[in-house]
Each structure stands twice: as structure tokens, then as C-alpha cells.
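In what follows, a single structure is set out as C-alpha cells and then discussed.
Computation of the quantities below employed the complete heavy-atom set of this structure, encompassing side-chain atoms and omitting hydrogens, waters and symmetry-equivalent molecules. Nothing here was measured: the structure is a model prediction, and the numbers come from that model.
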Amino acid sequence: VQLQASGGGLVQAGGSLRLSCDASGRTFSSYSMAWFRQTPGKEREFVAAVSRSGSSTNYAPSVEGRFTISRDNAKNTVYLQMNSLKPEDTAVYYCAAGSWPTSRVSAYNYWGQGTQVTVSS
């Protein structure tokens, strides 16, 4: 599966952004999907994951209550709605596809190219 992330940009603290990740292929619904983020010099960090059907989600404590992950299997797309953004949310955000909605980077086989999110104070 090939993944294409979009929707990043510059936003003020307290604002919102919605990221999208479009997947190619007919097997999108067979993958759990996740969002990770990374800043220069740091390891890739788990943000959120959603199960194949969308019925189960998993969030990092730092984004719980502010971010919402969802998916539309008919459109082969996964979303990350980000509200109440903080400067520390600034990062390149990556979408990923894997077998389980886990927080482990190594569990994901397919990665998108990343989209930059910058939150100004």
C-alpha cells in the first residue's frame, strides 16, 4: 500500500488542523493505521492509531483529548483532527499502515512521506 499524507501547515497555538492520509490499493481496510511525528534529532513518536474497522483507537497521553484519529474505508483515507494545538506539537507527521493499532514504530510496514505541522506561540 502507498500512503500520501497532506494537510500540514502553520497555525497559531490553540488552533486546529486536520491531516489526511490517502492510501492506494484495494486492501486499505485490512490495515490498522497510525500517525507518528518526528522532530529533528529525536526518534519518531507515536501519536494515535485506529483499528481496521475504526472501532478501536489508541492515543499518546500527550495528545489524548485534543487529537482524534478516524478513517473512511470507502475513501481509503485516515484522518487526524488536531485541536488546541501547542508549540510542542510542531513536527513532521507521518501516517503508517500495519497489522495492529499499536504504538510501536516497528509494527508498521508502510509509511507516508510526512507533512510538516508548525504551531507558533
message = Atom CD of residue position Gln116 - does it have more than 12 heavy atoms of other residues, nucleotides or ligands inside 6.0 Å?
response = yes

query = So do Val78 and Ile69 actually touch side chain to side chain, heavy atoms under 4.5 Å?
reply = yes

message = Run the side-chain contact (heavy atoms from CB on, under 4.5 Å) test against Ser55 and tell me which residues pass, sequence neighbours left out.
response = Ser51, Ser53

Identify every side-chain donor-acceptor pair in residues 79-88 under 3.5 Å, counting partners at least two apart or on other chains, and give the distances.
from  : atom 1 : to    : atom 2 : distance (Å)
Gln81 : NE2    : Asn83 : OD1    : 2.9
Asn83 : OD1    : Ser16 : OG     : 2.9

Path from Val50 to Tyr110 over hydrophobic side-chain contacts below 4.5 Å = yes

ask   = If you link I, L, V, M, F, W and Y whenever their side-chain heavy atoms are under 4.5 Å apart, who else ends up in the same group as Leu10?
value = none

message = Enumerate the salt bridge (Lys or Arg N to Asp or Glu O under 4.0 Å) contacts for residues 90-102, please, sequence neighbours excluded, ordered by first and then second residue.
response = none

From Met33 atom CE to Thr77 atom OG1, the distance as rounded to the nearest 0.5 Å = 9.0 Å

key: Residue pairs passing the salt bridge (Lys or Arg N to Asp or Glu O under 4.0 Å) test where at least one lies in residues 65-75, sequence neighbours excluded   = Arg66-Asp89

task = Give the cluster check for Val63 versus Tyr108: same hydrophobic cluster or not, with ILVMFWY residues linked at side-chain heavy-atom distances below 4.5 Å.
result = no

ask   = Would the Phe36 and Trp111 ring centres measure less than 6.0 Å apart?
value = yes

ask   = When the ring centroid of Phe46 is compared with that of Tyr59, is the distance short of 6.0 Å?
value = no

task = Return the minimal non-hydrogen interatomic distance between Asn58 and Pro101, and the atom names on each side.
result = ND2-O, 3.4 Å

query = So which heavy atom on Ser99 is nearest to which on Arg52, and how close?
reply = O-NH2, 2.9 Å

message = Do Tyr94 and Arg44 have side chains that approach each other closer than 4.5 Å (heavy atoms only, starting at C-beta)?
response = yes

key: Ala5 to Gln113 - nearest heavy-atom pair and separation   = O-NE2, 2.8 Å

message = For residues Phe67 and Val92: do they belong to one hydrophobic cluster (side chain heavy atoms under 4.5 Å, members Ile, Leu, Val, Met, Phe, Trp, Tyr)?
response = no

Pairs meeting criterion disulfide (SG to SG under 2.5 Å) with involvement of residues 14-68, two or more places apart = Cys21-Cys95

Any donor-acceptor N/O pair, Ser24 side chain to Gln2 backbone, under 3.5 Å = yes

inquiry  = A side-chain contact here means heavy atoms from C-beta on lying under 4.5 Å apart; do Gln4 and Ser20 qualify?
reply    = no

message = To check you understand the geometry: which heavy-atom pair defines the closest contact between Thr90 and Val119, and what is its length?
response = OG1-N, 2.9 Å

ask   = Under 4.5 Å between any side-chain heavy atoms of Thr115 and Leu19, yes or no?
value = yes

inquiry  = Tell me the closest heavy-atom pair linking Ala23 and Leu3, and the distance in Å.
reply    = CB-CD2, 3.7 Å

